[in-house]
Novice: 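Sharing a structure below in structure tokens format, with a few things to ask.
One-based numbering, in listed order, for ligands and for the atoms of each. Side chains included, hydrogens not; waters and symmetry mates left out as well; all remaining heavy atoms used.
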Amino acid sequence: MSSLRFSALKELGATEKKIGHYNNKKVSAMFASNVFTGRAMREYLSDEAYKSLQASIKAGAKIDRKMADQIAAGMKTWSEERGVTHFSHWFQPLTGTTAEKHDSFFTIKSDGTAIELFDGDALIQQESDASSFPNGGIRATFEARGYSAWDPSSPAFIIENAFGKTLCIPTIFISYSGESLDYKAPLLKSVLALDKAAVDVCHYFDKNVSKVTPTLGWEQEYFVIDEALANARPDIVMCGRTLIGHAPAKGQQLEDHYFASIPERVFAFMQDFEQEAYKLGIPLHTRHNEVAPGQFECAPIYEEMNIAVDHNALLMDIMTKIAKRHKLMVLLHEKPFAKINGSGKHNNWSLATDTGINLLSPGKTPRTNLMFLTFFVNIIKAVHDYSDLLSAAIASAGNEHRLGAHEAPPAIISTYLGSYLSGVLDEIEERVKGKFNEQDEVILKMDIHKQIPELMKDNTDRNRTSPFAFTGNKFEFRAVGSSANCASPMTVLNTIVADTLKHFKKDVDALIEKGDKKEIAVMQVLRSYIAASKKIRFEGDNYSDEWVKEAAKRGLSNFKNTPQALKSIITSASKELFSRNDVYTPRELDARYEIVLEDYVKKVQIEARSLGLMVTNHILPAAIEYQNVLMQNVKSLKELGLEEESYRAQLKLVKLISKHIQDINDNVESMISARKVANKVEDMEKRAAMYCDTVKIHFDKVRYHTDKLELLVDDKLWPLPKYRELLFLR
Ligand code: ADP
Ligand code: MG
């Protein structure tokens with residue numbers, strides 16, 4: 001038997017323990033060594049260029065051409081000293097991966113001299129014929145030009161591997177007519193909108209605040225499996241997940257993997273990618289085993305959102321590349337294996353002021369307390385008003401498998417505040433009946449600060465089932481999928497909070513104008529927001545069936561699948577929200593909707609094809625081969641003159657296998673016809689719904705019978721690595 005499975009298993013045994021590229025250095029000694037940091041800028045730029053760049057980073061001011069030439073020259077010297085020969089505009093198109101187009105510094109002057117050159121033009125803007133990037137119809141082919149434009153707020157960095165080094169310039173990617181074609185441009189706009197709205201509200205309490213920045217700390221979950229075994233599975237190679245495979249005898253029920261010691265081969269891989277990450281200034285801080293066998297997590301120290309998003313995108317890239325060095329494969333898919341936990345990417349989100357305050361950290365004085373409560377309540381109100389947009393922002397073909405399953409937040413958005421803060425909100429709502437009066441100022445004096453840290457230390461009060469939980473000094477958006485670009489959910493969160501804060505300010509100002517004292521006006525509006533957003537608050541078990549019923553009673557959305565959830569992107573409420581905050585134009589939203597639908601269709605289509613081919617080319621032949629062995633055996637026993645009783649089991653197996661083969665075949669045929677029908681439908685919304693309702697529904701049926709065959713067929717004949725091999729061998 002010489003299937004790919006068995007040669008992979010043989011190879012696995014022979015894999016020598018890789019020492020990796022571990023260099024024994026302190027993290028601080030290598031941290032950001034490949035980044036054009038403030039320090040590098042100081043060293044390589046003239047005073048004038050340095051100041052102009054800093055101003056542009058702080059205020060988003062434009063850099064003039066002359067300055068850009070100087071900055072480019074400084075970057076070039078810095079990177080050439082480190083062995084860089086090429087540069088690339090680095091961006092995050094809507095494909096979900098990162099994109100680079102390398103250009104050499106090298107050029108030939110008109111007189112034939114060969115020199116290296118990198119000027120301001122090359123730094124600031126590049127034209128790329130990127131018509132094959134998703135654009136949702138924004139770029140007709142006759143106007144296929146796209147531009148990548150330098151984003152000075154994210155520092156340039158050097159990507160290195162054993163064969164060379166490239167200077168990467170973080171950029172945004174836009175169409176000729178100015179529409180955004182990437183994740184970053186809208187994110188930056190949402191950060192700006194939030195900054196403005198939050199600063200305005202801060203001024204009720206603290207006039208010194210002049211900038212508010214959202215912060216993000218992501219927790220990246222992933223699976224690691226042996227590369228040779230992975231390569232023996234067409235589904236993993238094509239789709240990043242298994243489409244078939246019976247659960248192993250032992251899954252995660254013993255809970256012996258979570259926080260257990262990290263297997264050495266994986267540990268070597270972690271050390272290796274962490275070092276690469278450190279050089280790029282990615283402040284990784286924790287690593288551990290996750291709940292499922294073969295599943296792990298890493299998380300950085302949180303950063304300013306723009307940088308944190310870049311760092312997560314970079315890290316996913318690095319992990320994928322470095323794994324190869326160790327003959328491992330990283331699976332970032334949300335649900336690589338059925339019946340065991342999937343992977344998420346918790347987005348820890350907060351707001352920081354330029355005066356050093358975390359706005360979601362309960363204050364020490366009545367004044368800062370009220371500032372905390374103000375932001376806290378506005379966020380809850382935003383989540384309440386726009387929960388459907390949050391659902392849409394995390395919906396994808398991969399995350400669809402995870403949401404609602406027991407390890408992940410359900411598709412119903414709710415927010416968990418903890419019993420203490422819930423109580424505070426209830427009290428405000430109760431106590432301040434009707435017109436709020438001066439006596440109620442006592443609420444302002446509640447010592448929230450002292451209580452919360454105590455509360456959060458108590459793990460029993462931590463609700464791990466909530467999709468959007470307050471965790472002491474930040475909100476944790478847990479429903480985000482592991483392969484997602486954080487920018488997509490974060491753009492929505494920033495925008496809905498910005499918009500709510502703007503409304504809040506209007507409401508408070510109106511009361512002040514009528515003669516209310518400022519604090520009283522704030523409390524009045526908070527009280528009305530608390531009352532209006534009650535239905536989004538849930539402290540119980542989000543996985544329970546009771547919650548599904550209760551949520552329906554409350555009128556909360558429960559999107560059963562991705563196409564349904566995505567519809568919220570293009571409602572008039574969504575279009576108005578995003579245009580009045582200058583984040584997306586209606587046209588950009590239409591385009592994005594088209595792109596995510598198409599992405600969904602393509603992913604399900606690839607899965608359907610892979611599944612069809614795999615069962616037809618790999619599974620059915622193995623089943624038939626085994627059936628032939630059984631029949632030969634029956635025939636021989638018969639020839640010996642034995643009665644039927646002595647080959648009853650064999651006959652039963654032969655029949656059982658036939659039944660499964662038939663069922664697989666029938667379902668594959670229906671799946672293919674459904675796909676053909678769906679492909680003829682021009683309208684992308686309809687096509688996506690059809691892929692979901694008529695194509696995808698066959699997956700489980702094909703899988704059911706295939707997994708039964710896996711239990712019946714001789715192990716020697718089974719062509720694909722099994723779950724126990726993928727998950728437990730390394
Ligand atoms: P866990 O949620 O697993 O208990 P922690 O609460 O320590 O872990 O933090 C998880 C993530 O939250 C980390 O990436 C951390 O950097 C991030 N985080 C902590 N404080 C903030 C903040 N103010 N803003 C954004 N992210 C934060
Ligand atoms: Mg967490």
Side-chain angles (χ1 to χ4, degrees), residues 27 31 187 190-191 194-195 198 202 209 211-222 258-259 270 274 277-278 281-292 295-316 319 341 343-363 368 371-372 375-376 379 407-409 415-418 421 449 452-480 482 484 486-487 489-491 493-494 497 542:
V27 172
F31 192 73
L187 178 82
S190 75
V191 167
L194 182 53
D195 175 22
C202 278
V209 174
K211 193 175 166 77
V212 171
T213 319
T215 51
L216 167 64
W218 37 263
E219 300 165 58
Q220 179 73 54
E221 290 182 337
Y222 59 96
Y258 192 47
F259 279 9
M270 286 177 172
E274 283 173 1
Y278 290 141
I282 305 173
L284 287 178
H285 199 61
T286 62
R287 60 180 176 211
H288 61 82
N289 288 6
E290 258 305 321
V291 174
Q295 193 187 28
F296 306 88
E297 179 186 299
C298 64
I301 296 166
Y302 70 92
E303 297 175 280
E304 190 185 305
M305 181 172 290
N306 176 28
I307 311 279
V309 165
D310 283 2
H311 281 168
N312 181 248
L314 252 181
L315 185 79
M316 290 197 286
M319 287 170 77
N341 278 8
S343 301
K345 175 149 53 200
H346 297 178
N347 278 205
N348 294 273
W349 175 92
S350 191
L351 295 170
T353 67
D354 58 345
T355 53
I357 295 168
N358 175 356
L359 291 170
L360 291 179
S361 211
T368 47
M371 182 154 81
F372 161 75
F375 282 92
F376 186 65
I379 292 161
E407 86 277 2
T415 175
Y416 165 84
L417 310 179
L421 281 170
H449 179 77
I452 292 194
E454 285 311 311
L455 162 85
M456 287 302 162
K457 265 186 232 150
D458 177 7
N459 261 323
T460 54
D461 206 51
R462 270 203 151 194
N463 187 327
R464 300 226 162 247
T465 68
S466 175
F468 198 89
F470 185 69
T471 47
N473 56 5
K474 61 190 191 290
F475 275 95
E476 189 167 334
F477 191 14
R478 300 204 178 107
V480 183
S482 50
C486 301
M490 291 299 99
T491 300
L493 187 55
N494 293 340
V497 172
N542 281 259

Novice: Taking only heavy atoms of I301, which atoms of ligand 1 are found under 4.0 Å from at least one of them?
Specialist: 16 (O)
Novice: Would you say the side-chain atoms of T415 pair up with the backbone N or O of F468, donor to acceptor, closer than 3.5 Å?
Specialist: yes
Novice: In terms of atom number and element, which parts of ligand 1 are under 4.0 angstrom from non-hydrogen atoms of E476?
Specialist: 2 (O)
Novice: So is A299 polar-close to ligand 1, meaning N/O to N/O under 3.5 Å?
Specialist: no
Novice: Given 3.5 Å as the limit, does a donor-acceptor pair link the side chain of K345 with the main chain of A484, or not?
Specialist: yes
Novice: Tell me whether D195 contacts the main-chain N or O of V191 through its side chain, where contact means a donor paired with an acceptor under 3.5 Å.
Specialist: no
Novice: Taking heavy atoms and a distance under 4.0 Å, where does E219 meet ligand 1: side chain, backbone, both or neither?
Specialist: side chain
Novice: Any N or O of W349 that comes nearer than 3.5 Å to an N or O of ligand 1?
Specialist: no
Novice: Under 4.0 Å from a heavy atom of N358: which atoms of ligand 1 are those, numbered in the order shown and with their elements?
Specialist: 23 (N)
Novice: Polar-atom distance check: R464 versus ligand 1, any N or O pair below 3.5 Å?
Specialist: no
Novice: Is there a donor-acceptor pair closer than 3.5 Å between any side-chain N or O of T215 and the backbone N or O of S350?
Specialist: yes
Novice: Can a donor-acceptor pair be found, under 3.5 Å and without considering hydrogens, that links the side chain of Q220 to the backbone of C298?
Specialist: no
Novice: Is T471 close enough to touch ligand 1? Criterion: a residue heavy atom under 4.0 Å from a ligand atom.
Specialist: no
Novice: Quick one: do the S361 and N473 side chains pair a donor with an acceptor below 3.5 Å?
Specialist: no
